[in-house]
Amino acid sequence: QALLEESGGGSVQVGGSLTLSCEASGWRYTRKRMGWFRQAPGKEREAVAVIYSGSNSDIFYADSVKGRFTISLDNAKNAVYLQMNSLTLEDTATYSCAADDPPYTSNWDQDYGWPYWGQGTQVTVSS
């Protein structure tokens, strides 16, 4: 059973930066996808960024974070990171790490079909 542990959340002012980290233990696949989802109070959980392992290392971002967030994967550490720059008030949410291995049963931006989830880490952006 995979265990995903996130770290790096916190409070930051508008325009600031944070880096989230997520390490997976008890689960190791050469082929995998790992990603970040977020949920703000009163809103549905949404995909933020997803990365697929492999030679292509396909990466997907939500339109709202393109150009500001960068996802990366460290296969050796079985970890995924999310560098978040130019944070806005709308980025305030609980961010959760997710992991999956083939066969994938959902699109990158659909939260069902991801079997492994972290407990979530809070990101609060203030003015």
Side-chain angles (χ1 to χ4, degrees):
Q1 183 69 22
L3 176 65
L4 274 60
E5 295 191 74
E6 301 123 334
S7 60
S11 297
V12 66
Q13 289 191 318
V14 170
S17 298
L18 282 173
T19 299
L20 304 182
S21 301
C22 172
E23 291 200 28
S25 58
W27 176 82
R28 184 173 290 275
Y29 287 85
T30 300
R31 294 179 61 208
K32 64 175 73 73
R33 64 177 180 174
M34 297 185 76
W36 292 93
F37 291 74
R38 69 185 181 186
Q39 187 167 22
K43 294 189 176 181
E44 296 283 322
R45 184 163 58 187
E46 63 174 353
V48 177
V50 170
I51 183 167
Y52 288 71
S53 67
S55 57
N56 291 333
S57 295
D58 290 334
I59 294 176
F60 300 90
Y61 293 101
D63 287 343
S64 60
V65 307
K66 282 180 182 176
R68 301 188 299 120
F69 290 11
T70 302
I71 189 171
S72 59
L73 181 67
D74 186 332
N75 268 314
K77 293 184 177 180
N78 220 23
V80 65
Y81 306 96
L82 186 68
Q83 173 67 44
M84 305 185 293
N85 298 326
S86 302
L87 285 161
T88 71
L89 297 175
E90 288 69 36
D91 295 318
T92 295
T94 299
Y95 286 70
S96 297
C97 170
D100 191 12
D101 48 82
Y104 306 124
T105 58
S106 65
N107 293 332
W108 73 271
D109 57 347
Q110 297 169 319
D111 62 355
Y112 65 87
W114 291 76
Y116 309 116
W117 290 86
Q119 79 286 355
T121 185
Q122 179 66 36
V123 171
T124 301
V125 184
S126 60
S127 57

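The figures here come from the full heavy-atom set of this structure, side chains too, leaving out hydrogens, waters and symmetry mates. Just so we're clear, the structure is a prediction, and the values are computed from it rather than from any experiment.
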Colleague: Pairs in or reaching into residues 8-36: which pass salt bridge (charged side-chain N to carboxylate O under 4.0 Å, His left out), with residues at least two apart or in two chains?
Modeller: Arg33-Asp100

Colleague: Tell me the closest heavy-atom pair linking Ser127 and Leu89, and the distance in Å.
Modeller: N-CD2, 3.8 Å

Colleague: Partners of Ser25 by side chain to side chain contact (heavy atoms under 4.5 Å, CB included), sequence neighbours excluded?
Modeller: Leu3

Colleague: On a heavy-atom basis, which atom in Ser106 and which in Gly113 lie closest, and how many Å separate them?
Modeller: OG-CA, 3.9 Å

Colleague: To the closest 0.5 Å, what do you measure between OG1 (Thr70) and CG (Asn85)?
Modeller: 6.5 Å

Colleague: Quick one: name the residues clustered hydrophobically with Val50, using the 4.5 Å side-chain heavy-atom rule over I, L, V, M, F, W, Y, and just say none if it's on its own.
Modeller: Phe37, Tyr52, Phe60, Tyr104, Trp108, Trp114, Trp117

Colleague: I want to check something: taking the side chain as every heavy atom from C-beta on, are Val65 and Arg38 in contact at a cut-off of under 4.5 Å?
Modeller: yes

Colleague: Give me each pair satisfying salt bridge (charged side-chain N to carboxylate O under 4.0 Å, His left out) with a member in residues 103-127, each pair once, sequence neighbours excluded.
Modeller: Arg45-Asp111

Colleague: For Ala99, what residues pass the side chain to side chain contact (heavy atoms under 4.5 Å, CB included) criterion, not counting sequence neighbours?
Modeller: Leu4, Trp27, Met34, Tyr116

Colleague: If the condition is side chain to side chain contact (heavy atoms under 4.5 Å, CB included), which residues does Val123 pass it with, not counting sequence neighbours?
Modeller: Leu18, Leu20, Met84, Tyr95, Val125

Colleague: Any chance you could measure Trp36, atom CH2, to Ser96, atom OG, to the nearest 0.5 Å?
Modeller: 8.0 Å

Colleague: Per the side chain to side chain donor-acceptor pair (under 3.5 Å) rule, what does the pair list look like for residues 2-11, sequence neighbours excluded?
Modeller: Glu6-Gln119

Colleague: Gln13: what forms a side chain to side chain donor-acceptor pair (under 3.5 Å) with it, not counting sequence neighbours?
Modeller: none

Colleague: With no hydrogens and no angle check, is any side-chain donor or acceptor of Tyr61 less than 3.5 Å from a backbone partner on Ile71?
Modeller: yes

Colleague: Can you run down the salt bridge (charged side-chain N to carboxylate O under 4.0 Å, His left out) pairs that involve residues 60-83, sequence neighbours left out, and say none if there aren't any?
Modeller: Asp63-Lys66, Arg68-Asp91

Colleague: With sequence neighbours left out, what residues match Gln122 under side chain to side chain contact (heavy atoms under 4.5 Å, CB included)?
Modeller: Thr92, Thr94, Thr124

Colleague: Can you list every pair that meets disulfide (SG to SG under 2.5 Å) and has a residue in residues 98-127, with sequence neighbours left out?
Modeller: none

